[in-house]
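Here is the structure we will look at, set down as structure tokens.
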Amino acid sequence: MNYPNFPEDCKSLLCKHLTPEVFEQLKDKKTKNGVTLADIINSGVVNPDSGVGVYAGDEESYTVFAPLLDPIIEEYHGFDKSDTHKSDLDPEHLNAPNPDPEGEFIISTRIRVGRNLKCFPLGPAIAKRERLIAECMISSALKSLEGELAGEYYPLLGMSKEVQQKLIEDHFLFKEGDRFLEAAGLNRDWPEGRGIYHNNDKTFLVWVNEEDQLRIISMQQGGDIKEVFTRLTNAIKSMEQQLTFAFNTHLGYITSCPTNLGTAMRASVHIKLPNLGADMDTFKAITDKYHLQIRGIHGEHSESEGGIYDISNRRRLGITEVEAVQDMHDGVVALIEKEKELRK
Ligand code: ADP
Ligand code: ARG
């Protein structure tokens, strides 16, 4: 393997931190599951417009390839390699009254966490048989959920294109054919082993074997962030009684993309901010201050439509779940205040 050819205008963290020295140091390394440097960097090499550009094949990737991954993790999360991660899933520690009780701005709120099973490699390196076993373990665990979390598992295999498309358009299901995941090896054997679980109201959902083996999701209309967080934490606690997730005290919950490590949590609102949207400098000054990320309304790498944005916490590691949601809440309060001011 030779040092990859990055275009001159490449801005990915991969391109920045894969120096020729780091490349030489890592090029012949391999984890016990056989994950190599070529596997880790392929997504960012094939997609030079990546923001990050790397995916881990297993938990051990984060130690074997630390000379590349540590600086990427540090730059994304502001988390030093000597730091430890702490978890706090207690909704009572959250101070998040609805920022928009009249329902003028916030359309919906969604909080998700990524999780992976301790007993298997991560999605980029998992074998087909292991993925199918993971699906089976997860769907069985989901069967025991009760009350408002009770629902049904729908495998992607055999789902009609109409049903699939409607679930994607309504923001419930992952999209198909993502080129970043494709190059990371995460779309192998698609659609086998993939699926979605949801309750009747679609306020509690679990994605199975997409970018991570589980994405546990709580969502609803409006801006009651605490209610969404409480439902999610209840679900996480119930699922942890049945499944053992990959976790360590340094990196928190282990995910295939280093941007998701730690809490693996993304708390977001879909929010109408047409005036801020017309003044991106002011908009970005606020989102930077509160460590927030702006996405379009059809998920990552999509564009905004009609002045509606997806606003979420950007940091996930080195802060607790409560702090991640608090970042989002406080930033949304500030955004609404500014939007009202600009409207005048
Ligand atoms: P992830 O949340 O897993 O990082 P995406 O950014 O691709 O991934 O979002 C997944 C889906 O969730 C997309 O359909 C997106 O529109 C939807 N979504 C995200 N936030 C919200 C929200 N607050 N309300 C409704 N749908 C949302
Ligand atoms: N690999 C993509 C990039 O570098 C996405 C990174 C973050 N998003 C994610 N879904 N993991 O741009």
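Indexing begins at 1, ligand by ligand and atom by atom, following the structure's order. What you see below is based on every heavy atom in this structure, not just the backbone, and it leaves out hydrogens, waters and symmetry mates.
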Protein contact to atom 14 (O) of ligand 1 [nearest heavy atom, distance to 0.1 Å]: H171 CA, 3.4 Å
Test item: W207 side-chain N/O and F172 main-chain N/O as donor-acceptor pair under 3.5 Å: yes
Face-on cation placement of R115 at F247 ring, 6.0 Å and 45° thresholds: no
Residue part near ligand 1, for V269, under 4.0 Å between non-hydrogen atoms: backbone
R266 contact mode with ligand 1 (heavy-atom cut-off under 4.0 Å): side chain
Output field: ring centroids F23/H17 closer than 6.0 Å: no
Distance from atom 10 (C) of ligand 1 to nearest protein heavy atom, with residue and atom: W207 CH2, 3.5 Å
Output field: ring centroids F180/H301 closer than 6.0 Å: yes
Atoms in ligand 1 with a heavy atom of D310 nearer than 4.0 Å: 19 (C), 20 (N)
Geometric class of the W190/F174 ring pair [parallel <30°, tilted 30-60°, perpendicular >60°]: perpendicular
Heavy-atom side-chain proximity of I217 to F204 below 4.5 angstrom: no
Sub-6.0 Å ring centroid separation between Y309 and F283: yes
From CA spacing to verdict: salt bridge (Lys or Arg N to Asp or Glu O under 4.0 Å), K16, E75: CA-CA 11 Å; K16 178 169 174 188; E75 183 160 345; 3.0 Å; yes
Aromatic contact, F79 with H85 (centres under 6.0 Å): no
Structural part of F172 in contact with ligand 1, heavy atom criterion under 4.0 angstrom: neither
Polar contact flag for E211 and ligand 2 (N/O pairs, less than 3.5 Å): yes
Ligand 2 atoms in contact with H301 (distance to a heavy atom under 4.0 Å): 12 (O)
Proximal atoms of ligand 1 relative to S268 (non-hydrogen, under 4.0 Å): 19 (C), 20 (N), 21 (C), 22 (C), 23 (N)
Contact check: H298 vs ligand 1, nitrogen or oxygen atoms, below 3.5 angstrom: no
Atoms in ligand 2 with a heavy atom of T259 nearer than 4.0 Å: 7 (C), 11 (N)
Atoms in ligand 1 flagged as close to R112, the criterion being non-hydrogen separation under 4.0 Å: 1 (P), 2 (O), 3 (O), 4 (O)
Options M328, R215, R295, ranked by nearest heavy atom to atom 5 (P) of ligand 1, top entry: R295
Per-atom contacts, ligand 2 versus G53 - under 4.0 Å to a heavy atom: 4 (O)
Mode of M219 contact toward ligand 1 - side chain, backbone, both, neither (heavy atoms, under 4.0 Å): side chain
S108-ligand 1 polar pair, N/O distance under 3.5 Å: yes
For E300, atoms of ligand 1 separated by under 4.0 Å from a heavy atom: 5 (P), 6 (O), 7 (O)
Close N or O approach (E300, ligand 2; < 3.5 Å): yes
Sub-3.5 Å N/O-N/O distance, Y55 and ligand 2: yes
Student check: side-chain heavy atoms of L142 and V206 closer than 4.5 Å: yes
Which residue and heavy atom of the protein sit nearest atom 3 (C) of ligand 2, plus the separation: G51 N, 3.4 Å
Test log, rule side-chain hydrogen bond (donor to acceptor under 3.5 Å, both in side chains), inputs D212 and N116: CA-CA 6 Å; D212 290 301; N116 290 280; 3.0 Å; yes
Any donor-acceptor N/O pair, E339 side chain to L276 backbone, under 3.5 Å: yes
Side chain H329, main chain P97, donor-acceptor under 3.5 Å: yes
Side chain, backbone, both or neither: I297 near ligand 1, heavy atoms under 4.0 Å: backbone
Atom 2 (O) of ligand 1 [closest protein heavy-atom partner, distance rounded to 0.1 Å]: R110 NH1, 2.5 Å
Any N/O pair C257/ligand 2 closer than 3.5 Å: no
Rounded distance [0.5 Å steps], OG1 in T287 versus CG in L273: 10.5 Å
Heteroatom distance test (V52, ligand 2): nitrogen or oxygen, under 3.5 angstrom: yes
